[in-house]
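Here is the structure we will look at.
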Amino acid sequence: MWNGLSKKISAQGKRKLYKAYLSEIASIENSILYYIRRAINANNNIEKDYTDPYILEISKVCKKVDREKHRMDAFIRFKLTKDQIYFATIEPDFNVLPLNSDHFQKRYADQKWLIYDLKRKYGLYYNLKQVQTVSMEIASNINTESSALAYFTPEEMQFQELWGNYFKSSNIASRKNMQLHIKHIPKRYWKYLSEKKF
């Protein structure tokens with residue numbers, strides 16, 4: 001089926017369908033099914049036929065998923081655990097973790113890391129060779145300051161505090177534009193940003 005679809009739509013079109021699926025939006029499967037049926041039965045490429053509400057919906061959903069993926073690339077903050085793994089937790093609106101894999105594998109190729117999606121209860125673990133999908137129980141208090149020393153190295157906690165202090169001292173209070181700040185870094189991400197905890 002997937003191979004047959006390749007004859008009708010581009011690799012980018014197939015990627016859009018995958019991203020729409022990762023959105024987890026209620027009833028998106030119906031739109032994906034419609035898109036596939038229409039693509040297979042059409043004589044021409046239907047990818048840019050935005051007069052069709054289903055194709056337009058897939059395109060809009062894909063943009064939302066892309067936006068969330070890029071925000072995760074920017075807003076994920078790692079902390080070094082006591083077993084020398086850089087660890088981060090996230091709760092994105094969409095299931096974007098599979099899309100983030102390549103970015104973090106290239107960017108942090110020399111470090112072991114684990115990004116865990118608390119909402120979907122799975123994560124990606126990089127062991128310096130490959131990225132693996134992992135599932136495990138994560139303590140609900142892992143991101144609280146009171147329990148941080150149980151999981152993370154004391155040096156890491158000092159770095160977190162230094163980063164928070166740098167962030168505070170480099171801001172100019174008189175030039176603060178909270179509306180613009182929230183536009184670029186929505187409040188729902190703040191709980192994972194180390195600079196927002198101090």
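Side chains are part of it too, since the values below use all heavy atoms of this structure and drop only hydrogens, waters and symmetry mates. Please read these numbers as outputs of a predicted model, since none were measured by experiment.
Under the 3.5 Å distance criterion, the side-chain polar atoms of Q111 are left unmatched by any main-chain donor or acceptor of Y86. One N or O on the side chain of W190 and one on the backbone of I185 form a donor-acceptor pair closer than 3.5 Å. Between the N171 side chain and the A173 main chain, no donor and acceptor come within less than 3.5 Å of each other. Here the side chain of K64 pairs no donor or acceptor atom with the backbone of D93 at under 3.5 angstrom. Using a distance-only test at 3.5 Å, with no hydrogens or angles considered, a donor-acceptor pair links the side chain of Y116 to the main chain of K121. Between the S23 side chain and the A20 main chain, a donor and an acceptor come within less than 3.5 Å of each other.
L33 and L17 fall into different hydrophobic clusters, where Ile, Leu, Val, Met, Phe, Trp and Tyr residues are linked whenever their side-chain heavy atoms come under 4.5 Å apart, directly or through other members. Placement of F87 and L149 within a single hydrophobic cluster is found when ILVMFWY residues are connected by side-chain heavy-atom separations under 4.5 Å, directly or transitively. The hydrophobic cluster containing F167 does not contain F159, counting ILVMFWY residues as joined when their side-chain heavy atoms lie under 4.5 angstrom apart, directly or transitively. The cluster map of Ile, Leu, Val, Met, Phe, Trp and Tyr, joined by side-chain heavy atoms under 4.5 Å apart, puts Y122 and I115 in the same cluster. L5 and L22 fall within a single hydrophobic cluster, where Ile, Leu, Val, Met, Phe, Trp and Tyr side chains are chained together by heavy-atom contacts under 4.5 Å.
Atom-to-atom distance recorded for Q160:CD and T153:OG1 is 9.0 Å, nearest 0.5 angstrom. Taking CG of L124 as the reference point, atom CG of L114 lies at 8.0 Å (rounded to 0.5 Å). In this structure, CH2 on W163 lies 10.0 Å from CG on L193, to the nearest 0.5 angstrom. Taking OG of S59 as the start and CD of E57 as the end, the distance is 10.5 Å to the nearest 0.5 Å. The line from OH of Y151 to CD1 of I138 is 8.5 Å long, rounded to the nearest 0.5 Å. The structure places NZ of K8 at 8.0 Å from CD1 of I40, a figure rounded to the nearest 0.5 Å.
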Side chain to side chain contact (heavy atoms under 4.5 Å, CB included) assessment of D102 paired with V131: CA-CA 9 Å; D102 287 344; V131 176; over 6 Å; no

Check the pair Y54 / I32 against side chain to side chain contact (heavy atoms under 4.5 Å, CB included), numbers first and verdict last. CA-CA 8 Å; Y54 291 99; I32 293 170; over 6 Å; no

For side chain to side chain contact (heavy atoms under 4.5 Å, CB included), just list the numbers for D66 and K19, CA-CA rounded to whole Å, side-chain angles, deciding distance to a tenth of an Å, and then say yes or no. CA-CA 8 Å; D66 276 338; K19 288 175 183 177; 2.7 Å; yes

Show your reasoning for whether salt bridge (Lys or Arg N to Asp or Glu O under 4.0 Å) applies to R38 and D49. CA-CA 11 Å; R38 176 134 187 255; D49 182 8; 2.7 Å; yes

Working note: L99 + R15, criterion side chain to side chain contact (heavy atoms under 4.5 Å, CB included); need CA distance, chi angles, decisive distance, verdict. CA-CA 10 Å; L99 303 175; R15 188 99 172 132; 3.5 Å; yes

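Salt bridge annotation for E24-R120: present, with a cationic side-chain nitrogen under 4.0 angstrom from a carboxylate oxygen. Look at D73 and K69 and you find a salt bridge, because one of the NZ, NE, NH1 or NH2 atoms lies within 4.0 Å of a carboxylate O, short of that distance.
W113 and F78 have tilted rings, their planes meeting at an angle from 30° to 60° on a 0 to 90° scale. The aromatic rings of F104 and Y108 sit parallel to each other, their planes meeting at less than 30°, with 60° as the upper class boundary.
For the side chain to side chain donor-acceptor pair (under 3.5 Å) test, residues two or more places apart in sequence or in another chain that qualify with T81 are D83. For the side chain to side chain donor-acceptor pair (under 3.5 Å) test, residues two or more places apart in sequence or in another chain that qualify with E68 are R188, Y189.
In summary, the side chains of N30 and Y35 do not present any donor paired with an acceptor at a separation below 3.5 Å, with no hydrogens or angles considered. K14 and S6 are linked by a side-chain donor-acceptor pair at a separation below 3.5 angstrom, with hydrogens and angles left out of the test. Looking at Y21 and N95, their side chains never bring a donor and an acceptor atom within 3.5 Å of each other.
Side chains of S10 and E47 form a contact here, defined as non-hydrogen atoms less than 4.5 Å apart. The closest side-chain heavy-atom distance from E155 to L80 is not below 4.5 Å. A 4.5 Å side-chain heavy-atom check between R71 and P92 finds every atom pair outside the cut-off.
The local environment of CD in Q130 is crowded, with over 12 non-hydrogen atoms from other residues, nucleotides or ligands closer than 6.0 Å. Heavy atoms of other residues, nucleotides or ligands lying less than 6.0 angstrom from OH of Y166 number 12 at most. No more than 12 heavy atoms of other residues, nucleotides or ligands sit less than 6.0 Å from atom NZ of K60.
The shortest non-hydrogen separation linking A39 to I46 is CA-CG1, 3.7 Å. A pairwise comparison of heavy atoms in A109 and Y126 identifies O-OH, 3.2 Å as the closest pair.
The cationic atom of K79 (NZ for Lys, CZ for Arg) lies less than 6.0 Å from the six-membered ring centre of F152 and within 45° of the ring axis.
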